[in-house]
Amino acid sequence: MKYLTLNPITAGLTDLVDAAKVGLGAVALQARHMYNGYHLGEPVGGGEMNFAYWRGPMVRVPDEGTETEKRRALNVVSEFQTALRRSFTSTNVTKEVVRRDVTSSSARMSWTLMQPGVTRAQDTDRTDLEQEADALATSWWSAEIEKAIRAGLTFARREGRGVLRFRVAGGLLQLGEDQVLRVRAGSKPTDIARYVRLECLTTPENARIWEDPDTLTMRAVYTYQDAQKRECVEVSAVDDQDGLTHLRILRGSDDQAASAALDLGGHVHYLQLAAEPLITAQFLQNQMAYNTTSTMILRNTELAGFLERYGINVEPPYEVVDDPDRPGQTKRVYKSPRLGPGSMTLWRQSTIAKADAEGEYQGDQPLGTAQYGRFEPVSPQALITAAEHSQLNMYSEVGQTFVLMGKDATVSGRSREVAIADFDTIREETVLLAQAAVRGVVTTFLALVAALSGQPRRYALLDVQGTVRSRTVPPSPEDRRADREDVAGGVISKATARQRQGLDDPAQEDAQIEREKPQEREAQV
């Protein structure tokens, strides 16, 4: 909580770096790893993973024994890990459920601009300021903007928090002799908008956005490393005295910071998207259990086709090498056992030294008889049931059990409706967060362009409302048949039925049907 008393406008680099780092919990970190495909364990570099997320059996080097025995055991462990990496099977349900939640909740993004207190002859009348701001925002809006917002929503629903950052391309600005950044002369609002970018931070744990508890002004601090591996900090904070948003960039050991002050109407150029994480510890436990069970099903299948054979008290292959402990003598070095389907594992017999009554060595005497056998596969039904159980637990945790009903023709329409209702309830938080994100993005963009063009707070009187349209789950044949019956009976309109079936613009659909009628008549003739 030390950051609450920090003044980011005057603070030094070290204090700002400490204030910026929020940290990432163990559950959030694992959710990020699994979303990105690291299901066997944490990434350790070079595309490799450790075995932190594996819940099956492991072969480990024992603590006791000689160094030679430990090295031999290490070879067995290495062989086991290699076989596990080759056979490891996972299904990224973590990514699937998060993407379904986010994309379905923000399928269509839009906004409305309203200037309160204006007398209108008709509800559809719009003021010049509304039309100007709407045209400016529309010209700037693109698929990349929506992609950045959805990325922020993904972080929020996966880890609990995402951060969006506005960036002004350097080509728009000039650094004066006083180390103050200024917009190039003659730049119009539409020209400035071309240089404004919205991005989602890939490390939101390195950015802190908060409200001063006393003055209720916003602060934002973000730390990162530049191309020269220097610790850098970017500050965006509203001054309690003049209300201007002060931007500072500190790089490494540089004494002076690049700075600028803009009137953004109390906004900073960072937006924080916070939500209850969709991926919980319980979900991750079932994801790990599902991956382990799937892998063991595959291992069982491999064993069915390629039996693993073994020999006990059978001398394995060896090579004769010089004995470093006994100069001039040799010793046998046995090859390490190779585990897994299609392999032959030979275990050397145990012996004791045999001596006569006078204690003379008579050779080694074997303990036990040689045995030979093979490992047989088991019925996979128990493993399949366990995998289905973990899968059901995951979809139930996030309210997406309707996914499992999609391939089941025996599930009733009522059951589908109840399952989809659960999904709508859970994703309501995502819908509201997406609406707030659109509102914040458009509002901050207009404030930023107005300030950079020398017209601060030009659009401050406008009230921006973000809107998103959720993508509905495709209706079942039963649902569509019921809709047709309701239309024929006059219960609902054709427009309502089409909207329920996912058609975005029923009026445009009617126009297209009318255009196709002459072609149909010509084809019949």
Side-chain angles (χ1 to χ4, degrees), residues 20-37 92-111 143-167 198-211 218-222 224 236 267-284 287 394 397-400 422-445 464-471:
K21 293 183 178 180
V22 178
L24 196 64
V27 173
L29 181 61
Q30 184 179 351
R32 180 183 297 182
H33 286 163
M34 287 197 154
Y35 182 93
N36 292 326
N92 202 339
V93 183
T94 302
K95 186 172 186 177
E96 174 195 338
V97 299
V98 173
R99 292 183 65 177
R100 181 179 293 112
D101 179 88
V102 170
T103 55
S104 67
S105 302
S106 58
R108 300 288 184 271
M109 297 186 191
S110 186
W111 63 87
E144 291 301 315
I145 305 298
E146 296 190 3
K147 182 179 178 180
I149 294 175
R150 290 193 182 97
L153 294 172
T154 297
F155 272 95
R157 289 303 265 165
R158 186 181 70 205
E159 305 166 14
R161 181 173 174 270
V163 176
L164 300 178
R165 170 179 178 256
F166 278 91
R167 181 175 61 85
L198 180 71
E199 60 186 20
C200 175
L201 297 186
T202 56
T203 54
E205 62 272 19
N206 290 338
R208 187 186 298 274
I209 299 95
W210 76 96
E211 184 182 66
M218 296 301 299
R219 280 100 166 83
V221 183
Y222 170 50
Y224 60 95
S236 180
H267 299 286
V268 295
H269 67 292
Y270 285 85
L271 294 173
Q272 180 172 260
L273 309 182
E276 187 73 21
L278 198 66
I279 305 302
T280 61
Q282 291 74 22
F283 185 98
L284 294 174
Q287 175 74 81
M394 283 187 284
E397 184 75 14
V398 297
Q400 297 184 17
D422 289 341
F423 178 52
D424 287 337
T425 300
I426 286 182
R427 71 174 178 172
E428 181 66 21
E429 186 170 0
T430 311
V431 172
L432 296 177
L433 187 60
Q435 292 173 347
V438 173
R439 180 180 186 274
V441 166
V442 175
T443 300
T444 306
F445 164 75
V464 181
Q465 293 296 327
T467 59
V468 294
R469 179 174 178 181
S470 303
R471 179 180 290 116

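Numbers here simply count residues along the sequence, with the first being 1. Computed from a predicted model, the values in this text were never measured in an experiment.
Using a 4.0 Å cut-off between a side-chain N of Lys or Arg and a carboxylate O of Asp or Glu, Glu205 and Lys21 do not qualify as a salt bridge. The existence of a salt bridge linking Asp101 and Arg157 is confirmed by a sub-4.0 Å separation between a basic side-chain nitrogen and an acidic carboxylate oxygen. Under 4.0 Å is where a charged nitrogen must lie from a carboxylate oxygen, and between Glu211 and Arg219 no such pair does.
For the pair Arg158 and Leu278, the minimum side-chain heavy-atom distance is 4.5 Å or more. Counting heavy atoms from C-beta on, the side chains of Tyr270 and Leu164 never come closer than 4.5 Å. At a threshold of 4.5 Å between non-hydrogen side-chain atoms, the residues Leu24 and Glu159 count as touching. Side chains of Leu271 and Val441 form a contact here, defined as non-hydrogen atoms less than 4.5 Å apart.
Here the closest heavy-atom approach between residue Leu198 and residue Ile149 is recorded as CD2-CG1, 4.1 Å. Across Ala434 and Ser106, no two heavy atoms sit closer than the pair CB-CB, 4.3 Å. Heavy-atom minimum distance, Ala274 versus Leu433: O-CD1, 3.7 Å. Between Pro277 and Gly160 the shortest heavy-atom distance is CG-CA, 3.7 Å. Across every non-hydrogen atom of Ala437 and Leu273, the tightest pair is CB-CD2, 3.8 Å. For the residue pair Ala220 and Ile209, the shortest heavy atom distance occurs at CB-CG1, 3.9 Å.
A side-chain contact (heavy atoms from CB on, under 4.5 Å) with Glu428 is found for one member of Asp424, Ile426, Leu432 and no other, namely Leu432.
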*Take Thr444 and Phe166 through the side-chain contact (heavy atoms from CB on, under 4.5 Å) test and state the conclusion after the steps.*
CA-CA 9 Å; Thr444 306; Phe166 278 91; 3.6 Å; yes

_Determine whether Thr467 and Gln435 satisfy the following criterion, side-chain contact (heavy atoms from CB on, under 4.5 Å), listing intermediate values before the conclusion._
CA-CA 5 Å; Thr467 59; Gln435 292 173 347; 5.6 Å; no

*For Ile279 and Leu284, run side-chain contact (heavy atoms from CB on, under 4.5 Å): C-alpha distance rounded to whole Å, both residues' side-chain angles, the deciding distance at 0.1 Å, then the answer.*
CA-CA 7 Å; Ile279 305 302; Leu284 294 174; 3.5 Å; yes

_Would Arg100 and Phe423 count as a side-chain contact (heavy atoms from CB on, under 4.5 Å) here? Give the steps._
CA-CA 10 Å; Arg100 181 179 293 112; Phe423 178 52; 4.1 Å; yes

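Listed by chain and number, the residues in a ring pair (Phe, Tyr, Trp, His ring centres under 6.0 Å) with Tyr222 are Tyr224 (sequence neighbours excluded). In terms of the side chain to side chain donor-acceptor pair (under 3.5 Å) criterion, residue partners of Gln272 (sequence neighbours excluded) are, by chain and number, Arg161.
Cys200 SG to Lys147 NZ: the interatomic distance, rounded to the nearest 0.5 Å, is 11.0 Å. Separating the CZ atom in Arg99 from the OG atom in Ser104 is a distance of 12.0 Å, to the nearest 0.5 Å.
Listed for the Gln287 side chain is no donor-acceptor partner under 3.5 Å among the backbone atoms of Asn92. Panel note: side chain Gln400, backbone Val97; a donor-acceptor pair is recorded below 3.5 Å. Remark: side-chain polar atoms of Arg108 are not paired, donor with acceptor, to backbone N or O of Val468 under 3.5 angstrom.
Arg427 and Ser105 are not linked by any side-chain donor-acceptor pair at a separation below 3.5 angstrom, with hydrogens and angles left out of the test. A side-chain donor from one of Thr280 and Glu397 sits under 3.5 Å from a side-chain acceptor of the other.
For the pair Arg32 and Tyr35, the NZ or CZ position fails the cation-pi test of under 6.0 Å to the six-membered ring centre and within 45 degrees of the ring normal.
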